[in-house]
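Quick note on labels: first sequence line is chain A, next is B, and so on, each numbered from 1.
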There are 4 protein chains.
Amino acid sequence: MARPRTRTLVYDAVLSLATEERLGSISMEGVAARAGVSKQTLYSTWPSTGAILFDALLDRSSSDDGKIVVPHSGDLAADLESLVAATIEELTDPTLEPLLRAVTADIQIDEVLAAQYRDRLLTPQLKAISDRLQRGAIEDPDAAAELLLGPILHRWLLRTRAFEPGWASAHVQRVLRATANCAVQVPPHTGNQ
Amino acid sequence: MARPRTRTLVYDAVLSLATEERLGSISMEGVAARAGVSKQTLYSTWPSTGAILFDALLDRSSSDDGKIVVPHSGDLAADLESLVAATIEELTDPTLEPLLRAVTADIQIDEVLAAQYRDRLLTPQLKAISDRLQRGAIEDPDAAAELLLGPILHRWLLRTRAFEPGWASAHVQRVLRATANCAVQVPPHTGNQ
Amino acid sequence: MARPRTRTLVYDAVLSLATEERLGSISMEGVAARAGVSKQTLYSTWPSTGAILFDALLDRSSSDDGKIVVPHSGDLAADLESLVAATIEELTDPTLEPLLRAVTADIQIDEVLAAQYRDRLLTPQLKAISDRLQRGAIEDPDAAAELLLGPILHRWLLRTRAFEPGWASAHVQRVLRATANCAVQVPPHTGNQ
Amino acid sequence: MARPRTRTLVYDAVLSLATEERLGSISMEGVAARAGVSKQTLYSTWPSTGAILFDALLDRSSSDDGKIVVPHSGDLAADLESLVAATIEELTDPTLEPLLRAVTADIQIDEVLAAQYRDRLLTPQLKAISDRLQRGAIEDPDAAAELLLGPILHRWLLRTRAFEPGWASAHVQRVLRATANCAVQVPPHTGNQ
DNA sequence: CTATAAGCGAGACGGTACGTCGAGTCTTAAT
DNA sequence: ATTAAGACTCGACGTACCGTCTCGCTTATAG
């Protein structure tokens with residue numbers, strides 16, 4: 001509904017606020033003030049701050065630079081490793097982390113937002129990874145994709161542990177071993193190097 | 001600080017509200033009213049609704065019935081399967097789910113709460129699983145514990161997919177294959193049935 | 001800032017409360033509730049109950065009926081007597097007395113309010129009396145005005161004594177004798193009849 | 001009820017608070033804290049801060065130094081002038097003024113306190129002045145006493161004007177002229193010098 | 001050109017909740 | 001037996017946002 005010019009102002013406002021402010025404190029009023037836009041204008045397009053954050057995130061990820069693409073060289077393990085690294089990078093990027101956390105918090109509370117988030121960001125992302133795995137002759141690519149992302153998000157969302165250097169590589173090995181034909185694709189497990 | 005009698009009233013209040021109300025709408029004022037306790041009493045013990053929820057959760061999980069124990073029969077795979085089943089049960093229990101989601105949302109925003117949650121609930125839980133795995137001759141039990149829980153929470157937190165029947169069993173197989181000595185412990189993977 | 005409609009609601013509310021309630025118990029919250037107006041609306045226009053009371057008083061006194069005018073017939077003594085009577089009437093009017101006392105109490109505490117009260121109500125009142133006295137050939141009209149009002153407010157504010165019938169007349173005589181050219185204007189004092 | 005030791009602590013506390021703090025902010029809690037006494041101890045002796053202030057004032061004025069005595073040399077005008085000067089001194093004493101204002105504010109609201117204040121402080125004071133006047137052959141000494149004090153308190157309570165130097169003397173002249181046998185006691189008024 | 005309408009800023013408004021302060025009561029423990 | 005210490009309920013404080021609303025000011029298309 002809002003004009004492109006207005007949308008840009010709002011996205012910029014909400015992104016800067018998400019970075020500066022304490023995390024729970026993003027408010028419609030604050031966004032309106034920062035964007036130099038009236039509250040009514042906000043409400044005529046978005047029902048909540050969560051919705052604005054989400055749209056801002058979508059806008060960012062549909063622009064060229066904000067995209068995580070699944071690499072496709074010949075080497076499956078190397079591709080997955082670089083994907084994991086890029087994901088971790090994004091999750092811990094000081095600009096993005098607050099945004100992603102805010103949206104994740106909203107998802108717990110707002111089912112509509114959760115559905116949009118799932119359909120427009122998460123499912124495509126899982127699909128892309130799954131496709132890459134299938135082309136790598138992994139037999140159950142969907143499960144493998146979940147095995148790959150699950151532990152990463154477990155650490156990040158529940159804040160149980162930071163990502164140690166070297167972990168990504170070991171993690172990819174484990175995932176491949178879990179779902180590949182054991183004897184052929186990966187050498188038997190000989191301990192955590 | 002608060003007297004035991006007061007704590008009980010508050011825990012009951014917050015638990016009942018978490019079940020009845022819309023998720024984001026738990027407020028200090030509401031809890032005080034429901035508990036028949038003054039706001040001042042609440043604030044003198046807890047800084048936020050998140051903290052109350054967390055304590056209520058702890059209180060519940062330290063009572064006999066609320067505990068998830070890692071089973072320890074001889075059969076590792078069976079034990080893990082029943083653990084996974086119990087975890088899923090808990091996460092989707094209509095009484096508990098709103099509570100857990102509310103706390104998870106707060107964790108994204110409140111780092112202090114996140115640290116408490118990690119130290120008093122999550123780390124012990126991971127440790128218990130890890131111990132069971134170690135006794136089952138798994139070589140990297142910590143990583144295996146994460147592989148086990150990660151995908152479960154990925155589905156639950158990001159609401160990507162419901163838990164299909166049969167999934168638990170297949171998931172445990174994959175985790176074991178990922179970290180066990182492949183040839184000996186588990187038969188080679190033969191496809192996603 | 002507030003719209004005229006809102007102001008009216010607030011003035012009515014505060015006036016009715018001042019009459020009904022115990023005197024110290026007028027609160028912003030109570031006024032808001034009685035006026036059917038939100039607290040924020042009150043605070044956006046008035047900083048305290050004292051300020052509301054004061055504005056309500058001003059509003060009342062600028063309307064036609066609430067005005068004390070200094071009479072100006074030829075007879076100075078008679079004019080002053082009727083002025084004194086009107087003043088006493090006002091101070092002991094069951095509707096006005098609580099209001100005036102509340103404002104006077106606030107004046108002791110709030111210097112800003114005191115300045116407004118002085119400039120917008122008291123000084124004009126003294127000036128009006130002083131003007132009447134000057135036209136009556138009193139040589140020090142300002143001092144005479146103070147001599148006239150001082151004892152009235154001394155009795156009322158410090159609650160030392162009620163106003164006996166007949167006192168007004170004797171009081172006016174004394175004031176005139178104090179400041180008039182003694183021999184000509186007033187007969188020598190011959191005791192308190 | 002309270003022990004003398006406690007009373008002293010409380011009086012000191014309330015006097016120091018009345019001087020330091022903003023005027024309306026004296027609270028039972030604050031006094032208790034400052035006096036190092038529990039709230040219960042306060043409540044068992046005084047019903048309000050006003051009552052404490054009042055008792056503290058009484059205590060002070062019954063000690064030797066805090067007393068205003070009406071002087072009694074042969075010269076009535078001189079005696080009254082020095083009395084007026086002493087009164088003004090007291091009312092504007094930076095230590096006393098806040099106390100007196102606080103009590104005066106309370107009097108507007110609390111009738112019980114008003115009665116005590118009247119009977120134990122104001123009436124005796126008026127009586128003492130009236131006595132002095134009577135001995136000076138003033139025919140209506142009560143009225144004269146009110147004429148004397150009224151304008152002083154009018155200025156002070158309503159904050160209409162500061163006390164100019166020279167005013168006390170002129171004021172006393174006017175009061176004497178108002179109530180004395182004009183021809184004998186005072187020269188005719190010849191203008192406001 | 002104008003008028004008619006839509007988008008918009010500004011901000012008043014009735015609300016709910018915030019987090020804090022103080023009142024006044026009551027219970028517990030120590031002196 | 002008096003006191004301190006302080007937990008407790010209650011009510012008000014003053015603030016922040018909520019979501020709705022009305023008011024004018026642009027601006028851009030339709031008469």
- May I ask you to verify if any side-chain N or O of B:Thr41 is less than 4.0 angstrom from the OP1 or OP2 atom of F:dT9? yes
- Take atom CZ of B:Arg22 and atom C1' of F:dC18, then tell me their distance rounded to the nearest Å. 12 Å
- Validation row: A:Leu42, A:Val37 side chains within 4.5 angstrom (heavy atoms): yes
- Task: Verify the neighbour count for atom CZ of C:Arg159: are there more than 12 heavy atoms of other residues, nucleotides or ligands below 6.0 Å?
- Result: yes
- Item | Euclidean distance, atom CH2 of residue A:Trp46 to atom P of F:dG19 [Å, nearest integer] | 15 Å
- Taking for each residue the nucleotide of DNA chain E bearing the nearest heavy atom, is the 5' side occupied by C:Pro4 or by B:Ile26? C:Pro4
- Any side-chain N or O of B:Ser44 under 4.0 Å from OP1/OP2 of F:dA7? no
- Check: D:Gln40 side chain, F:dA4 base, donor-acceptor under 3.5 Å: no
- Sidechain N-carboxylate O distance under 4.0 Å for A:Asp55, A:Arg7: yes
- Item | Euclidean distance, B:Leu158 CG relative to A:Arg118 CZ, rounded to 0.5 Å | 10.5 Å
- Message: On DNA chain E, compare the nucleotides closest to C:Ser38 and B:Tyr43; which residue's is nearer the 5' end?
- Response: C:Ser38
- Task: Measure from CD on D:Glu29 to P on F:dA7 and round the result to the nearest Å.
- Result: 12 Å
- Do A:Lys39 side-chain and E:dG11 base share a donor-acceptor contact under 3.5 Å? no
- Approximate separation, where rounding is to 0.5 Å, of D:Leu53 CG and D:Leu58 CG: 11.5 Å
- Message: Between B:Thr6 and F:dC8, is there a contact of a side-chain N or O with OP1 or OP2 at under 4.0 Å?
- Response: yes
- Message: In this structure, how many angstroms lie between the C1' atom of E:dT25 and the CG atom of D:Leu42, rounded?
- Response: 14 Å
- Task: Grab the CZ-C1' distance between A:Arg34 and F:dA16 for me, whole Å please.
- Result: 17 Å
- Under 4.0 angstrom, heavy atoms only, what part of the nucleic acid is C:Ala2 near: base, sugar-phosphate, or nothing? sugar-phosphate
- Message: I need the CE-C1' distance between A:Met28 and E:dG11, as an integer number of Å.
- Response: 17 Å
- Message: Under 4.0 Å, counting only non-hydrogen atoms across every strand here, what does B:Gly36 touch: a base, just sugar-phosphate, or nothing?
- Response: sugar-phosphate
- Rounded to whole Å, the CD-C1' distance (D:Glu21 to E:dG22) equals 14 Å
- Item | Whole-Å gap separating P (E:dA12) and CG (C:Leu9) | 17 Å
